[in-house]
2 protein chains.
Amino acid sequence: MLDKIIIEQLETVAGKKNVLTSKVDMVAYSYDATADLPRQSPDIVVFPTSAEMVQDIVNLARRHKIAIYPRGAGTNLSGGAVPLKKGIVLSFQKMDQILEVDAANLTAVVQPGVIIAALNAAVAPHGLIYPPDPGTVATATMGGSAAENSGGLRGLKYGVTKNYIMGMEVVLANGEKVRFGGKTVKNVTAYDFSNLFVGSEGTLGIITELTTKLIPAPKYRRTMMGIFKTLTDAGNAVAGIIAAHVIPATLEIMDRMTIRTVEDFAHIGLPVHAEALLLIEVDGMSEDLVHTEAEAVMQVVKDNNGDLKTAETDQERDQLWLARRNALPALASLNNTVVLEDATVPRSRITDMLIACEAIGKKYNLTLGTFGHAGDGNLHPTILCDKHNLEEIERVHQAVDEIFKVALSFGGTLSGEHGIGVAKMKYLGDELGQSGLNLMRSIKESLDPEFILNPGKMVPVREN
Amino acid sequence: MLDKIIIEQLETVAGKKNVLTSKVDMVAYSYDATADLPRQSPDIVVFPTSAEMVQDIVNLARRHKIAIYPRGAGTNLSGGAVPLKKGIVLSFQKMDQILEVDAANLTAVVQPGVIIAALNAAVAPHGLIYPPDPGTVATATMGGSAAENSGGLRGLKYGVTKNYIMGMEVVLANGEKVRFGGKTVKNVTAYDFSNLFVGSEGTLGIITELTTKLIPAPKYRRTMMGIFKTLTDAGNAVAGIIAAHVIPATLEIMDRMTIRTVEDFAHIGLPVHAEALLLIEVDGMSEDLVHTEAEAVMQVVKDNNGDLKTAETDQERDQLWLARRNALPALASLNNTVVLEDATVPRSRITDMLIACEAIGKKYNLTLGTFGHAGDGNLHPTILCDKHNLEEIERVHQAVDEIFKVALSFGGTLSGEHGIGVAKMKYLGDELGQSGLNLMRSIKESLDPEFILNPGKMVPVREN
């Protein structure tokens, strides 16, 4: 529990109306969207309204060695927003202004609390989009998604958050405010701090402003579903599409378990006897090119023994996407705990990984479905379980261990888009090796020697 | 001068055939392509043949606090490869193998000494390209261009080097070898080390292997020249093309001074009475889209009072590009020293910057021409001077100071693609502020506390 004097000092710095301390309120900030993690209430939640206020809070926290947990909308899937060591949750809910949309430079400047969808709504009248689109676009914040380098459904063609952050303002653990990058599309002045802070999960500094890149909205699109009798056919179709040099905006997969669960949940007429579905959307500025790419995709689906369904209207498109958008809620409805992983492999290993996940589910006798961004090699093996069944949870942990082991053996990575957070820290050495862990710590310790920024996440404390 | 014992140790570690020490040989490594910098011969040049050999050399250098200067082909334009404090030049000429081209994953794995053009030649049979294309593609190395985050003519549409480096192996100043990233297109495991080392100018670690992204080669292209009577018209046309949501592969500008010099040099029939030229190439996978984009570009050129010349054949295209490719050699032929800057501004400020550069040339009575990547806001104001004329060189320095001051006042940056190196270190604080400089130093000191890696570049030593 924080000393009453420190609470009062925080109230003075931030203003009483920007502070929460009641027990009930603290419970609301004790968790994020990650399953199977212990909860922890913070001592206080502060809602800063300016970068200068963030500096004052950081200076206070540093002097008293209090942990600070920056928080966007709490949609994190690796425990990144959980205040493990109590202390201060810094919620950016009140720094939610879009400061500028600069159509001439294809940029926007936003505060960290801006919702991703709100930015897209603001730039749409200019014919522009901000492409990164995690499943939670309607609630997740720009600051949170930048800190986590969020991916999403359009990553294959358009890239992920880091590809759209051109500059930022950050408050460091030493209380200094730094700006770097900006509106120039090329910039090699200084180290690439934007990319260092993007994806650093709030462990190196606190983002207080972002300059983002925008792109012209694609004018045409074509949405298709490929229905396959085997996982291998579906996986081969993914590889075939890339080999045909078509880069779809979206190339999603759902396995049989996911298909059936979604159909039971949403009754949208999915082919429940299929072993796998691909949802594919090609888009672009040219009707002709989009048509050509759609034809190529359809040929690849047929060549791999797939049946085709194409969306002829916007309504039919929405229907196809409904299946994918329902994957997680549908799976989540089956039991009280959804362990959603994001093991990622080179795309040539997608088929192998799908088969491996299915086998691991069987081996540990678990309800395991896999869906995800097949075109990126970014899969979401998802295990449904009962958190009160400790024996089952133990099997879940063993299965997850094995999923990551297999992903790494395929030349993959622990996380494609959810981050390391608390949940995957124990596997970090398996991917990075001891020298990689040392490098992580060197960077962390140079910027936050007291480990006050999001402690317990991403960077294991050095064992002396 | 290095102790004879250390020379012998280096010869033992690297093998005598991989070491140069003669005075004549040292002179060849005393400079790079940057003008107006003092030369400095190293004590020894070592040609490592493996990452392990690099580790041994680094360990030896660290024990004896000897500076190490990694070197690709020495095409650097900010003094990055000059061995300011003598010591060891580490030339990667002998680590020049393309280790893998993986067409299924659209990746390649290369050693740092691979020439950029050689990689492109190796991937061309797969219908793929490695897009970054600095002017020196035929000689510059992958390691050097990664360390400098090189730009080039295609940056506008395809991005710069950092957008194509997916993973790497690096030897750190502590002698440890670290691998990170890889073939997965999404990866949020650990901090984004690839982007930290790309553009770090050899000051944080020594790149010993790179995994690069490849893309399908565009199938169609259209090349045009816009001829303008005023700089303002040309600048407005650049803004107009972007505003029309056309992103050309290349959008280059040459001012009157550059046009005339190139024409005098190469006699290719350039319009010598024009105030500015734009060279524009649109490309893509769809003939239809490329045609539509070319039409839009031509309309913008006309709307801004420009005359048009279009390339109807490959030969005509080559002729148009000859003008741009000759810009630097032509300017260089005029006098013994070419000070080539790369001040960069948001693209909406291109016209202002062009006019400012012209005015600065006049103010200091200098021969100043500007060309460059207009679509990126990345301009190359180029001053031709006589290095033996000290009074003139003083005016050059004043003019360069002013160019950077103006670029920063327009929301620009010190360097779009050439790097900070020695040449621009003194301006760094103007862009980053004291807190930004402190951040640079914190990162540098955490990874290279003894400043043995490329000392004297990019990061000013802390003044206590």
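Each chain gets a letter, A, B and so on, in the order its sequence line appears, and its residues count up from 1. Source: prediction; values computed, not measured.
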query: B/Leu156 versus chain A, heavy atoms under 4.5 Å apart: side chain, backbone, both or neither?
result: neither

- request: Could you tell me whether the side chain of A/Val160 reaches within less than 4.5 Å of the side chain of B/Val185, counting heavy atoms only?
  value: no

- line: From the list B/Asn378, B/Asn149, B/Asp342, side chain to side chain donor-acceptor pair (under 3.5 Å) with A/Lys186 holds only for B/Asn378

Pick from B/Asp376, B/Leu437, B/Leu128 with the largest number of heavy-atom pairs that fall under 4.5 Å of chain A: B/Asp376

field: Derivation and outcome, side-chain hydrogen bond (donor to acceptor under 3.5 Å, both in side chains), residues B/Tyr427 and A/Thr189
entry: CA-CA 10 Å; B/Tyr427 305 110; A/Thr189 302; over 6 Å; no

task: Against chain B, label A/Ala104 side chain, backbone, both or neither, depending on which of its atoms sit under 4.5 Å from a heavy atom there.
output: both

- request: Among the options A/Gly127, A/Ala190, A/Ala103, pick out the one with the most heavy-atom pairs lying under 4.5 Å from chain B.
  value: A/Ala190

field: Side chain, backbone, both or neither of A/Ala243 within contact of chain B (heavy atoms, under 4.5 Å)
entry: neither

query: Using a cut-off of under 4.5 Å for heavy-atom pairs, which of A/Leu204, A/Asp102, A/Ile420 has the most such pairs with chain B?
result: A/Leu204

query: Heavy-atom distance under 4.5 Å to chain B: side chain of A/Val290, backbone, both or neither?
result: neither

Proximal component of B/Leu106, with respect to chain A [non-hydrogen, under 4.5 Å]: side chain

query: Who among B/Met285, B/Met440, B/Lys444 has the most heavy-atom pairs with chain A under 4.5 Å?
result: B/Met440

query: So which part of A/Leu447 gets closer than 4.5 Å to some heavy atom of chain B, the side chain, the backbone, both or neither?
result: side chain

query: Measuring heavy-atom distances to chain B, does A/Leu172 have an atom under 4.5 Å in its side chain, in its backbone, in both, or in neither?
result: side chain

task: Under 4.5 Å, counting heavy-atom pairs only, tell me which of B/Ser446, B/Ser415, B/Gly284 racks up the most with chain A.
output: B/Ser415

- prompt: Take atom NE2 in B/His126; do more than 12 heavy atoms of anything else shown fall under 6.0 Å from it?
  reply: yes

task: Answer yes or no: does atom NZ of A/Lys219 have more than 12 heavy-atom neighbours from other residues, nucleotides or ligands under 6.0 Å?
output: no

task: Check each atom of A/Phe410 against the heavy atoms of chain B and say whether the ones under 4.5 Å are side chain, backbone, both or neither.
output: neither

- line: Max heavy-atom pairs within cutoff under 4.5 Å with chain A, candidates B/Lys162, B/Lys424, B/Arg179, goes to B/Lys162

message: Which one wins on heavy-atom pair count under 4.5 Å against chain B: A/Gly416, A/Gly377, A/Gly412, A/Ala217?
response: A/Gly416

query: Rounded to the nearest 0.5 Å, how far apart are CD of B/Glu287 and CG of A/Leu289?
result: 12.0 Å

- prompt: Do A/Asn187 and B/Glu431 come within less than 4.5 Å of each other through their side chains, counting heavy atoms only?
  reply: yes

message: In the structure I gave you, are the side-chain heavy atoms of B/Thr203 and A/Tyr191 within less than 4.5 Å of one another anywhere?
response: yes

task: Counting only heavy atoms closer than 4.5 Å, note whether A/Leu428 contacts chain B via side chain, backbone, both or neither.
output: side chain

field: Part of A/Lys177 within contact of chain B (heavy atom distance under 4.5 Å)
entry: backbone

field: A/Ile215 portion near chain B, given a 4.5 angstrom heavy-atom threshold
entry: neither

- prompt: Which atoms of A/Met458 come close to chain B, meaning under 4.5 Å heavy atom to heavy atom: side chain ones, backbone ones, both, or neither?
  reply: side chain

Under 4.5 Å from any heavy atom of chain A - which part of B/Thr292: neither

query: Looking at B/Asn105, B/Asp192, B/Asp288, B/Val178, which makes the most heavy-atom pairs under 4.5 Å with chain A?
result: B/Asn105

- prompt: Quick one: of B/Thr107, B/Val459, B/Ile443, who has the most non-hydrogen atom pairs under 4.5 Å with chain A?
  reply: B/Ile443

- prompt: Between B/Ala239 and chain A, which part of the residue has a heavy atom less than 4.5 Å away: side chain, backbone, both or neither?
  reply: neither

Atom NE2 of B/His245 with >12 non-hydrogen neighbours under 6.0 angstrom: yes

- prompt: Do you know which of A/Gly155, A/Gly436, A/Ser200, A/Gly181 has the most heavy-atom pairs with chain B at a distance under 4.5 angstrom?
  reply: A/Ser200

